[in-house]
Amino acid sequence: MQQLAIFGGTFDPIHWGHLLIAETALNQLSLDQIIWVPSLNPPHKQAAPFEHRVKMLQIATKENPAFTVSLVDTSRSGTSYAINTLIDLSAIYSNTRWYWIVGLDTFQTLPRWYRGHELAQMCDWLIAPRQLDRDRVQSDIICQQVEQQLKQQSLTIHWQFLNIPLVGVSSSLIRKLFCESQSIKYLVPESVRFYITTHNLYSEKSE
């Protein structure tokens, strides 16, 4: 049975923190592949055009054969929900043990996701710590609270932390810096920085 991890998100834009998380998951769990899934229509946010986010993902991940960018969300219309992504990928990749990579704050909202109680049991959850001001004890408490909420519904969830260094970089920071004409060098791969600059993605007069 192969072991695959889904790394879904807006990736607006992808940055070194995302790549570090994926590489850590790959090695920590001895995964066969990371499947990057950019959200076509994110349910809670506006984002740069899908084709630009996909292209940045592709150029940032192309050198790692264990990274695959999936456009599975384009196969259906409407809002991109995580459970639909997993169901569609399960039809493509049979005989698979599934993992899902999420940030700590995102995992905290899992019980409120669309069909989140169902999704919680369909894969193992790999938690990437994000905030620099939260230690592991606080993070453990947050994850245990999610587990307890689901247990009250007679649901079981399996989760573990990814052992990554805490990196204080975010897509929102990168967008803000670029909009303010400040450098984003070393926050994103150089190929991504060139793409953002060429297409003027995050200026006030974006495409």
Side-chain angles (χ1 to χ4, degrees), residues 3-42 44-75 80 82 85-86 88-89 92-93 98-107 126-130 132 162-203 206-207:
Q3 297 196 115
L4 305 180
I6 298 169
F7 196 175
T10 312
F11 303 116
D12 189 27
I14 184 172
H15 54 69
W16 283 119
H18 293 132
L19 293 162
L20 177 60
I21 288 168
E23 182 67 16
T24 299
L26 197 66
N27 290 282
Q28 186 173 320
L29 281 298
S30 298
L31 301 175
D32 295 292
Q33 204 167 53
I34 304 289
I35 302 175
W36 300 75
V37 182
S39 298
L40 177 60
N41 295 304
H44 305 300
K45 61 178 75 172
Q46 292 185 325
F50 182 70
E51 61 270 22
H52 286 311
R53 293 184 286 114
V54 168
K55 187 62 178 178
M56 289 186 286
L57 257 181
Q58 291 171 336
I59 61 180
T61 60
K62 66 180 181 180
E63 294 182 2
N64 191 326
F67 289 169
T68 298
V69 177
S70 172
L71 303 184
V72 67
D73 276 0
T74 63
S75 64
S80 301
T85 299
L86 181 52
D88 290 349
L89 286 174
I92 299 170
Y93 299 93
W98 288 101
Y99 296 83
W100 200 294
I101 300 171
V102 291
L104 176 63
D105 292 342
T106 301
F107 183 68
L126 306 178
I127 316 300
R130 268 189 66 193
L132 294 173
L162 293 173
N163 298 317
I164 60 170
L166 293 175
V167 179
V169 58
S170 67
S171 295
S172 58
L173 171 65
I174 292 165
R175 294 194 303 270
K176 180 177 183 292
L177 289 173
F178 191 84
C179 185
E180 295 173 351
S181 300
Q182 297 187 52
S183 175
I184 59 171
K185 195 176 181 68
Y186 307 124
L187 296 177
V188 298
E190 188 61 17
S191 56
V192 172
R193 187 178 74 88
F194 180 77
Y195 188 93
I196 292 171
T197 302
T198 301
H199 293 85
N200 205 26
L201 283 187
Y202 302 115
S203 71
S206 299
E207 292 182 352

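Computed over heavy atoms, backbone and side chain alike; hydrogens, waters and symmetry mates excluded.
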Atom CD1 in I6, atom OG1 in T85: separation rounded to 0.5 Å? 7.0 Å
What's the spacing between M56 CE and E51 CD if we round to 0.5 Å? 10.0 Å
T74 vs F50, test: side-chain contact (heavy atoms from CB on, under 4.5 Å). Steps then yes/no. CA-CA 10 Å; T74 63; F50 182 70; 3.4 Å; yes
So the salt bridge (charged side-chain N to carboxylate O under 4.0 Å, His left out) pairs with at least one residue in residues 10-24 (sequence neighbours excluded) are D12-R175
Minimal non-hydrogen separation, Y186 against W16, with atom names: O-CD1, 3.3 Å
Just verifying a value: how many Å separate F67 CZ and I34 CD1, rounded to the nearest 0.5 Å? 6.0 Å
Residue pair T24 / L20, side-chain heavy-atom distance below 4.5 Å: yes
Are the side chains of I196 and P13 in touch, meaning some heavy atoms are under 4.5 Å apart? yes
Compare every heavy atom of A60 with every heavy atom of P189, then report the nearest pair and how far apart it is. CG-CB, 4.2 Å
Heavy-atom distance under 4.5 Å between the side chains of L4 and W98, does that happen here? yes
Starting from the C-alpha separation in whole Å, work towards a yes-or-no answer on side-chain contact (heavy atoms from CB on, under 4.5 Å) for S171 and T10. CA-CA 9 Å; S171 295; T10 312; over 6 Å; no
Does Q182 have any side-chain hydrogen bond (donor to acceptor under 3.5 Å, both in side chains) partners at least two apart in sequence or in another chain, and if so, which? E180
CG/L29 to CG/L126 distance, rounded to the nearest 0.5 angstrom? 5.0 Å
Working to the nearest 0.5 angstrom, can you tell me the gap between Y93 OH and I35 CD1? 4.0 Å
Only counting residues at least two apart or in another chain, list the ones meeting side-chain hydrogen bond (donor to acceptor under 3.5 Å, both in side chains) with R193. E190
Could you tell me if S39 and D73 have a donor-acceptor pair between their side chains, going purely by distance under 3.5 Å? no
What are the two closest heavy atoms between L26 and A66, and how far apart are they? CD2-CB, 3.6 Å
Could you tell me which non-hydrogen atom of P65 sits nearest to which non-hydrogen atom of Q33, and how far apart they are? O-NE2, 4.2 Å
Taking all non-hydrogen atoms of both residues into account, name the closest pair between I127 and P129 and its distance. O-CD, 3.4 Å
Going from CD1 on I174 to OG on S183, what distance comes out if it is rounded to the nearest 0.5 angstrom? 11.0 Å
Please report the shortest heavy-atom distance between V54 and P38, naming the atom on each side. CG2-CG, 3.9 Å
Mind running side-chain contact (heavy atoms from CB on, under 4.5 Å) on I14 and T61 for me, showing each step along the way? CA-CA 10 Å; I14 184 172; T61 60; 4.2 Å; yes
Give a yes or no on whether the backbone of V69 and the side-chain of Q58 come within a donor-acceptor separation of less than 3.5 Å. no
